[in-house]
Amino acid sequence: MKKNSVENIIALSNDLRWKIGDDFHDHLAEGIYADASEIVKNTVQTDDKKQQFRLDSKIDNIVTSKIWGFPIMFLILGLILWITIIGANYPSSMLANLFLDNIHPILKGFAANIGMPWWLDGFLIDGVYLAVAWVIAVMLPPMAIFFPLFTLLEDFGYLPRVAFNLDYLFKKSGAHGKQALTMSMGFGCNAAGVVATRIIDSPRERLIAIITNNFSLCNGRWPTQILIASIFIGAVVPSSLSGFASVSAVIGIAILGIFFMFFSSWALSKTILKGEVSTFNLELPPYRPPRFWKTVYTSIIDRTLIVLWRAIIFAAPAGAAIWLISNITIGGESIAALVINSLDGFGFLLGLNGVILLAYIVAIPANEIVIPTILMLTVLVTGISGGEGAGVMFELDSANETANILKAGGWTLLTAINVMLFSLLHNPCSTTIYTIYKETKSLKWTIIASILPLIMGFVVTFLVAQIWRLIF
Amino acid sequence: MSSYSPTYALLIFLLVSILMFLLFRPRRGWYWIIKNNITVNEKTVTEDVLKYLYHNEISGNEVNIISLTAVLKFSDNLIIDIVKKMTIKELIKFDGYVLSLTESGRNYALRIVRVHRLWEKYLAEKTGYDKVEWHGRAELMEHRLSHKETDLLANQLGNPLYDPHGDPIPTNQGKIAKLKGVALSSLAVNSVGRITHIEDEPDVIYKQILAENIHIGSQLRVVENNPKRIIFYAEGEDFILAPIVAANITVDVFEKDVAEEENTSRLSSLKINEIANIAGISKEIRGDSRRRLLDLGFVKGTSIKIDLKSPLGNPKAYLIKGTSIALRNDQASKILINKL
């Protein structure tokens, strides 16, 4: 009897299911909204709202207009980048002065006083301390300037309009308009750009934004580009044009990065990511005056310090590794020299050399220490005078001296061009890789995001090198 | 390094790239072809034969061994061999030349159809694969899922009744609803009805229907029907189709005139300064996208107007419930409105 009634109920529910059809979710949502709007009508009074909305739409009509929409956008982004790069120079050199020129000798002196053995002193102070100090000095100021500015724009409500303006371009490559924002954030720091992809709520587009963020030339790479462009690219044109030529080369690289971002977004959305769910919608919130101090505070705590902390965690062991490979010798040769020798052949195929490849391997924690590592390793293997000794990274105040060391290391114009390309197209720094893993919780996507730009870098530098050698 | 020359290096690179392309290009890459062929076995062929017989039983066509070998993409020897085995297992029977399903064969076929349609539903609701790919992927999957897994899948999807093309999904007891409606090509001028089903085979015709932006669930009125072309009016637009294409669209004809949806049009046709009420969201918006739109307030009766156009014309921002929400034009074409 009881069992019978259960069966009846199941049969009845099956019948009813066919009768109510597939749409009942919609009807439910409609019912809830109908009730809600009824309640709103009876209880909420709207009065002064209209006034505010008029100002909003006036701003909107300008920033999304056909004529002004794009120029305003580029102007603002350019201005922020300019302020960051120029403005960060002063605090960066102050920090470098403090950490590298003052504290470092004091620590060395202290170590000598207490009779620390040379290897412990070298490992800790020349290796670990120097790498950490370097990363702080070059990373902290640009991030502390860039992120608050960017967050202020976000808080004001302008950034969703940028996404709105650019969405059509991103749609063509299968991505979301909001990727314009995470890409711009990537110009500051890729790790922060990856975190920023949280604003994209569609799974497929978010993965695309995460994987392609590395194609935004980040703060750690701008100085490398500028240095090499001014030494090598600026030198091939008449000196009156050299400044212009090197700046154009750097901007060209950044634009090339955007091109690669669009291209790989398109390729990813057509291949390995086509099965991920894709949705689109974009809210354009009303403008509001940014809460200045709160924004500055949260952007420094939430973005700058977290990223910096992660960078330090990774920089310390890298500094140790850099010192160790330069100082441990096997059969009379340092590990660094052995590795460089074995990488030289592959490096030559790519128009690079073993030193550069090794520098990119050991300097994985931060792009900022690539140039100091290259300089140190070049001095180590060529045996020319200069630098501070095996395993001690250094940078020179004058571009001329840097150029002399690099040329002694066998650098040509081709090497310079390919280093600029490889600096754009290589694996993300370990901070970013870790952040990608934290955000995607997937080993697969982390590996793809790390390997994909590296393969592109190999292919591009290889092709450039061969074609260059055929022509010249 | 002695034998290095940039020309050789480039040539080797070119060769490797071509090889990689041939191996791994989407769908027709050798790697995929080999991988799929390895999975072809007796079970696959048996199930494909059953499915083919079932579909022809529904449409009332007779099947013989010649048409069977012509349609299925396996070697003739393999098919004949398997047909023999299937007759012994009493899944199919011969009446002279004509092949037909036995009772147990029909049940088996329904199970395959159930997996196929459930999997299409799954792809539509829970993944981002393009419509064009659903059928092919379901074809592979239908041979892989066990009975239990299928029921689990159905449960997860909320025991759906229809697949995304509008075909009824058999229940796990093997019951299946009859598809209501007739082919669009057979409708008289001025008949009014609703699109209930869009056939996804053959591929070529299905792609044409998709390219026309015809949506399942749309209400239509036939404007012209002759051997050359069929014109119908739906959602504020005229659609022109060849009869062979129209034959793959099934329409449920209304008995009495339902005039209320006649002035319904698509949100994409809304112009600046026009105000409209939302009439509903097309069935073509599914899964997460649909839920998100409902959450944002795109429900019947809500008033809507254009707030902003982006510099490139797509997307547009719509003012709905006091909030400005940007939608792309292809989404807007799947939201129905009544202009005021």
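Bear in mind the structure is a predicted one, so any value in this text is a computation, not a measurement. Here is how names work: the chains are called A, B, and so on, in the same order as the sequence lines, proteins then strands, and each is numbered from 1.
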Under a 4.5 Å cutoff for heavy-atom pairs, which residue among A/Ser278, A/Gly275, A/Ala163 has the most contacts with chain B?
A/Gly275

Using non-hydrogen atoms only, which part of B/Arg290 is less than 4.5 Å away from chain A: side chain, backbone, both, or neither?
side chain

Should B/Lys207 and B/Asp203 count as an ion pair when the cut-off is N to O under 4.0 Å?
yes

Among A/Phe462, A/Tyr33, A/Trp468, single out the residue with the greatest number of heavy-atom pairs under 4.5 Å to chain B.
A/Tyr33

Okay, B/Arg328 and chain A: the region with an atom under 4.5 Å from a heavy atom over there is both

Taking the side chain as everything from C-beta on, heavy atoms only, tell me whether B/His215 gets closer than 4.5 Å to B/Ile195.
no

Can you tell me if B/Asn314 uses its side chain to pair, donor with acceptor, with the backbone of B/Asn329 under 3.5 Å?
yes

Quick check for you: among A/Ile32, A/Leu463, A/Thr271, A/Ile467, which has the greatest number of heavy-atom pairs under 4.5 Å with chain B?
A/Leu463

Segment of A/Glu283 engaging chain B (4.5 angstrom heavy-atom cut-off):
both

Report yes or no: does B/Glu235 contribute a side-chain atom to a donor-acceptor pair with the main-chain N or O of B/Ile337 at less than 3.5 Å?
no

Do the side chain of B/Arg194 and the main chain of B/Gly217 share a donor and acceptor less than 3.5 angstrom apart?
yes

Do B/Tyr318 and B/Phe298 have their ring centres less than 6.0 Å from each other?
no

Please classify the contact of B/Glu133 with chain A as side chain, backbone, both or neither, using a heavy-atom distance under 4.5 Å.
side chain

Kindly say whether B/Gly287 contributes a backbone atom to a donor-acceptor pair with the side chain of B/Glu125 at under 3.5 angstrom?
yes

Could you work out, with salt bridge (charged side-chain N to carboxylate O under 4.0 Å, His left out) as the rule, every residue matching B/Arg286, not counting sequence neighbours?
B/Glu284

Does the side chain of A/Thr64 reach to within under 4.5 Å of the side chain of A/Leu284, using non-hydrogen atoms?
no

Using a cut-off of under 4.5 Å for heavy-atom pairs, which of A/Leu273, A/Asp201, A/Asn61, A/Val40 has the most such pairs with chain B?
A/Asp201

Taking heavy atoms only and a threshold strictly under 4.5 Å, list by residue number the residues of residues 65-74 of chain A that touch chain B; give 'none' if the list is empty.
A/Ser65, A/Lys66, A/Phe70

Pairs of heavy atoms under 4.5 Å with chain A: top-ranked of B/Leu294, B/Ile285, B/Leu293, B/Asp288:
B/Leu294

Looking only at heavy atoms and a cut-off of under 4.5 Å, which of A/Arg204, A/Arg469, A/Arg161 has the most pairs with chain B?
A/Arg469

Are the side chain of B/Ser310 and the backbone N or O of B/Pro315 linked by a donor-acceptor pair below 3.5 Å?
yes

So that I can tick it off, tell me whether B/Asp130 and A/Lys270 are bridged by a salt bridge, with the cut-off set at under 4.0 angstrom between side-chain N and carboxylate O.
no

Atom CG of B/Asn273 with >12 non-hydrogen neighbours under 6.0 angstrom:
no

Quick check on the interface: out of A/Leu282, A/Val459, A/Thr279, who has the most heavy-atom pairs with chain B under 4.5 Å?
A/Leu282

Going through the distances and angles, do A/Phe170 and A/Phe280 end up as a ring pair (Phe, Tyr, Trp, His ring centres under 6.0 Å)?
CA-CA 12 Å; A/Phe170 283 88; A/Phe280 176 83; over 10 Å; no

Which residues in residues 9-18 of chain B have any heavy atom lying under 4.5 Å from a heavy atom of chain A?
B/Ala9, B/Leu10, B/Phe13

Can you list everything that forms a side chain to side chain contact (heavy atoms under 4.5 Å, CB included) with B/Leu152? Sequence neighbours excluded, please.
none

Can you see whether B/Thr264 engages B/Asn338 through a side-chain donor-acceptor pair at a distance of less than 3.5 angstrom?
yes

For each of B/Lys316, B/Arg137, B/Gln331, tally heavy-atom pairs with chain A at distances under 4.5 Å, and name the one with the top tally.
B/Gln331

